[in-house]
Amino acid sequence: MSGTPVYQDPAPPGRSTGPPRVDSPGGKTEEGLRLIDALQLIGNGHRRPGILLASTLLALLVAVPARASGPTVPTDGDPAYGEYLSAQCVTCHRAPATAHDGNIPPIVGLPSPAFVEALLAYRNGQRDNQVMRNVTSTLGDEEIAALAAYFASLSSD
Amino acid sequence: MSTFTRRRFGLVAGATIAGLAAPAVLRAQGKPRVVVLGGGAGGGTAARQIAKDSAGAIDVTLIEQNARYTTCFFSNLYLGGYRDFESITHGYDKLASGYGIKVVNARAAAVDREARQVVMADGSKIPYDRLVLSPGIELIWDSVPGYSEAASETMPHAWKAGPQTQLLKAKLDAVENGQQIVMVAPPNPYRCPPGPYERASMMAHVLKAKGLTDAKIVILDPKPKFSKQGLFSEGWEKYYPGMVEWYGPDVHGGIKGVDPATGSVATDFDTFKGVLVNVIPAQRAGAIAGDAGLTDASGFCPIDPASMRSKADDAIFVIGDACIAGDMPKSAFSANSQAKVAAMIVRGDLTGSRTFPARYSNTCWSLIDTDDGVKVGAQYAATDAKIASTSSFVSSTGETPEIRHGNYQESVGWYESITADIFG
């Protein structure tokens with residue numbers, strides 16, 4: 001499953017030569033990363049696969065909760081803190097989302113596991129966008145959990 | 001108003017806080033009043049953020065003398081022919097209709113700190129419990145001898161977007177092959193550190209696209225180095241060989257002055273003539289800040305790094321280009337980020353809402369040629385002394401076209417988002 005590149009990340013083959021993976025929750029696979037991309041795209045209406053496919057993807061994600069949320073990120077983030085932190089996100093990730101904001105993907109309404117996974121992938125150096133790597137370098141687990149709780153509380157429609 | 005809804009929590013919490021918590025400013029009648037002065041990246045964001053997050057508990061007034069606002073950010077892309085003027089010009093209708101903000105399109109004359117009110121040019125007064133001041137910059141005309149507001153009609157600065165930007169573009173479009181453009185770059189600190197060099201790139205792009213490769217752009221800089229220098233130098237060599245020349249003070253020896261009558265710039269080294277002379281003078285905080293006694297000897301406004309509160313007045317917050325923001329550059333992104341911290345603290349002051357440790361952020365994208373964008377950015381936190389960088393990055397020379405194209409696309413998305421964040 002190859003989703004539209006999010007943030008123009010270089011193609012997967014280069015990942016093994018990238019920076020060392022620190023704090024990697026369970027060593028995510030390329031498949032896992034692409035799953036996240038796919039979920040983002042589904043959630044934002046960029047493509048509309050059948051309900052069956054969406055359900056399958058969600059089931060896959062739910063089936064590996066430890067990998068999806070990471071062992072250190074709490075699941076009961078503080079949404080009020082997340083709302084404050086989210087103000088920085090929407091400077092670039094428009095809320096409410098529109099169809100095309102350059103190559104910046106919408107994040108409103110993203111399910112918490114997908115959101116956490118994506119931020120961890122930037123913080124761990126598995127994803128390459130410089131802005132997101134820099135942003136996540138200053139986000140602790142509490143901040144990521146808070147953001148996830150807040151964005152999941154918003155619907156994208 | 002925004003179309004998304006809150007599933008799990010929402011307006012009830014805000015209403016409870018407003019109703020029960022004893023606000024720091026308890027007024028005998030009516031709601032606490034916030035006045036935001038200046039409708040640019042800082043002021044627009046602050047007004048919208050306070051109105052949105054307080055959900056009607058705070059009365060917000062935005063004072064901006066112009067009914068339409070042209071953004072300085074992306075004005076270089078207008079110059080380069082990538083954007084039309086309308087696409088970088090915005091109104092305040094959505095802030096009024098969607099967020100209940102009272103928009104006053106009139107000129108403010110002064111801040112009466114004693115009485116806590118803004119005095120308008122027509123003599124009327126607008127009282128506040130908290131004032132968010134976002135006046136942007138004032139150009140110090142005589143920082144370049146011979147330059148003046150009148151001279152800017154022949155030697156545009158275009159460092160406040162609007163008619164000046166259109167004048168600069170008209171003059172650029174009239175340049176013929178073999179002719180010379182001279183830019184006088186500003187000393188630090190100034191609005192948009194990479195801006196002059198992106199502008200030179202866009203000028204060169206326009207000339208090259210018309211086949212005018214014997215035209216030349218000379219940049220006379222009072223600084224020995226500049227933002228993203230390696231990246232711009234690489235780009236000029238690659239796309240515009242022989243067209244852009246940058247002279248620092250060790251070459252020109254000092255900028256002595258300009259003569260609008262002859263279109264010349266005198267330096268210790270030589271006198272440079274241009275059919276177009278773009279003078280970007282030194283800058284300080286918007287005049288109203290200095291008049292109110294909120295600036296220091298630098299000409300800018302000291303603030304508390306954890307709150308954006310003026311060090312001179314607890315009821316005033318200064319954000320954007322006018323404040324002294326430590327390691328943060330003067331940019332729209334910075335102003336937007338500072339506005340969000342100020343908005344949070346203002347709400348805490350007035351309605352007792354929760355506050356959190358200040359976080360700031362900035363990214364500046366610059367376009368060198370079509371689809372070749374570069375960027376620099378950082379995260380910041382408050383220390384006792386200043387807003388300090390905690391992590392940063394900058395594009396590298398020699399990056400792939402895919403990365404550079406991605407940067408440009410990202411900047412386009414950012415523009416759409418941040419202008420929605422500012423203007424609704």
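Note on naming: letters A, B, ... go to the chains in the order of the sequence lines (proteins, then strands), and numbering restarts at 1 for each one.
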Please give me the minimum heavy-atom distance between [X] and [Y], naming the atom from each residue.
{"X": "A:I104", "Y": "B:W414", "result": "CD1-N, 3.6 Å"}
{"X": "A:T91", "Y": "B:S417", "result": "O-CB, 3.2 Å"}
{"X": "A:C92", "Y": "B:W365", "result": "SG-CH2, 4.1 Å"}

Is it the backbone or the side chain of B:S395 that comes under 4.5 Å from a heavy atom of chain A, or both, or neither? both
Measure distances from A:S137 to the heavy atoms of chain B and classify the residue's part below 4.5 Å as side chain, backbone, both or neither. side chain
Just verifying a value: how many Å separate [X] [atom1] and [Y] [atom2], rounded to the nearest 0.5 Å?
{"X": "A:D78", "Y": "B:R354", "atom1": "CG", "atom2": "CZ", "value": "4.0 Å"}
{"X": "A:L139", "Y": "B:S391", "atom1": "CG", "atom2": "OG", "value": "10.0 Å"}
{"X": "A:N129", "Y": "B:F393", "atom1": "CG", "atom2": "CZ", "value": "7.5 Å"}
{"X": "B:N407", "Y": "A:N103", "atom1": "CG", "atom2": "CG", "value": "8.5 Å"}
{"X": "B:E410", "Y": "A:Q130", "atom1": "CD", "atom2": "CD", "value": "8.5 Å"}

So, applying side-chain contact (heavy atoms from CB on, under 4.5 Å) with A:Y84, which one of B:T355, B:V341, B:D53 is it? B:V341
If we ignore hydrogens and angles and just use 3.5 Å, is the side chain of B:R359 paired with the main-chain N or O of A:T138 as donor and acceptor? yes
Chain A contact residues among residues 327-338 of chain B, heavy-atom distance under 4.5 Å: B:F333, B:N336
Hey, are the side chains of A:Q88 and B:K340 touching, using non-hydrogen atoms and a 4.5 Å cut-off? no
In this structure, are over 12 heavy atoms from other groups packed under 6.0 Å from B:D93 atom CG? no
Checking B:D372 now: which residues fulfil salt bridge (charged side-chain N to carboxylate O under 4.0 Å, His left out) with it, not counting sequence neighbours? B:R404
